[in-house]
K.L.:
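Structure in structure tokens, see below.
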Amino acid sequence: TPTGPEERFQARVDAEEKIEPRDWMPDGYRRTLIRQISQHAHSEIVGMLPEGNWITRAPTLRRKVALLAKVQDEGGHGLYLYSAAETLGASRGDLVGDLLSGKAKYSSIFNYPTLTWADIGAIGWLVDGAAIMNQVPLCRCSYGPYARAMVRICREESFHQRQGYEIMLALSRGTDAQKRMAQDALNRWWWPSLMMFGPSDAQSAHSAQSMRWKIKRFSNDELRQRFVDATVPQAEFLGLTVPDPDLAFDEATGHYRFGAIDWSEFERVLKGDGPCNRERLEARRKAWDDGAWVREAALAHARKKEARAQA
Ligand code: ACO
């Protein structure tokens, strides 16, 4: 029978009990969750920018409505996730401060530019497709508030993925120029999408402990392989070519083998030196500064209400 608090905690995790905010938890578990959940929240918020870039240029009213809804969903996911991080004792002000100062990480993928309308299709199909592959298992994460947040987020992500694939389908059945545009977007988004899953298992600093705590249910490489296996047939259906000369189906394992990922590019992007890192942070800082009056007004209102209640 487990004796110390750590052993009792691990026994609860092993028994698939959910850990709730007021429960005892190891400091490392709390820190890991604050790190992962806040990085995830920042990714949703920064993730609004590449697509927001195309709202005014969506080709039809229907496409514009869907894109607006999707970008709005991402804002909601970010706020929802900041709340989940707050249940662990993190302060939202500190988390946002770390994003704006460049200290906090957010997903590498959002540092790439959206050059054509086909990029909106490729992001929905590949980036949201990768996000779903990674996030469906998080619905079974041991920490209750994160797991429950993920259920709703994954439902919305699956709508995002389908709207993206439908854009790709329309383009790849369109004119030659549209097909070329779709292929070019796949060429540019394929490898960065594979990098979204994080470093290889051998290089992943946190995986082993996060798997023991059942924060992560599958390793980075396992999820990356699942993504490749699910996505290659979708590319074939579109009549597009995955930009990987080493890609081949392995009959023996039932999986696709794929070429080597350029991890030096991944490291550059993580260090802040990707194609759009500076632009993204500038946009967030400007949004924060432009919103100062809203925060001040809300605080003034709260103070007045409190004073009235006490009078
Ligand atoms: N972009 C930026 N940083 C990354 C990425 C990435 N694609 N992948 C890994 N990293 C960072 C980790 O955050 C970690 O940095 P840190 O120690 O400074 O915090 C470091 O690289 C080492 O990686 P791992 O040990 O593998 O880290 P971890 O166990 O946290 O696994 C993963 C990374 C898979 C991204 C995990 O954090 C996760 O599942 N997060 C939740 C999902 C998420 O954040 N998705 C965001 C993109 S999807 C979207 O927002 C639509």
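One-based numbering along the sequence shown. Whatever order the structure lists them in is the order used to number ligands and atoms, beginning at 1.
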K.L.:
Is the number of heavy atoms from other residues, nucleotides or ligands within 6.0 Å of CZ (Arg162) greater than 12?
P.N.:
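Not more than 12 within 6.0 Å, no.
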
K.L.:
Tell me, which residues have any heavy atom less than 4.0 Å from some atom of ligand 1?
P.N.:
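The answer is Arg35, Gln36, Gln39, His40, Ser43, Glu44, Lys105, Tyr106, Ser107, Ser108, Phe110, Ala131, Asn134, Gln135, Leu138, Tyr146, Glu157, Met195, Met196, Phe197, Gly198, Pro199, Ser204, Ala205, His206, Lys216, Asn220, Phe266, Leu270, counting any residue whose heavy atom sits under 4.0 Å from ligand 1.
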
K.L.:
Answer with yes or no whether the side chains of Gln36 and His206 bring together a donor and an acceptor at under 3.5 Å.
P.N.:
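There is no such pair (donor and acceptor under 3.5 Å, judged by atom type) between the side chains of His206 and Gln36.
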
K.L.:
For Tyr106 and Asn111, does a side-chain donor sit closer than 3.5 Å to a side-chain acceptor?
P.N.:
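Side-chain D/A pair, Tyr106 to Asn111: present.
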
K.L.:
Can you pull the ring pair (Phe, Tyr, Trp, His ring centres under 6.0 Å) pairs that have at least one residue in residues 162-188, sequence neighbours excluded?
P.N.:
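For residues 162-188: Trp125-Tyr165.
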
K.L.:
Any chance you could pull the hydrophobic cluster mates of Leu299, using side-chain heavy atoms under 4.5 angstrom and chaining through other members?
P.N.:
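For Leu299, no cluster forms, as it stays isolated from other hydrophobic side chains.
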
K.L.:
How would you list all residue pairs meeting ring pair (Phe, Tyr, Trp, His ring centres under 6.0 Å) that involve residues 277-311, not counting sequence neighbours?
P.N.:
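Counting only pairs at least two positions apart or across chains, no ring pair (Phe, Tyr, Trp, His ring centres under 6.0 Å) contact touches residues 277-311.
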
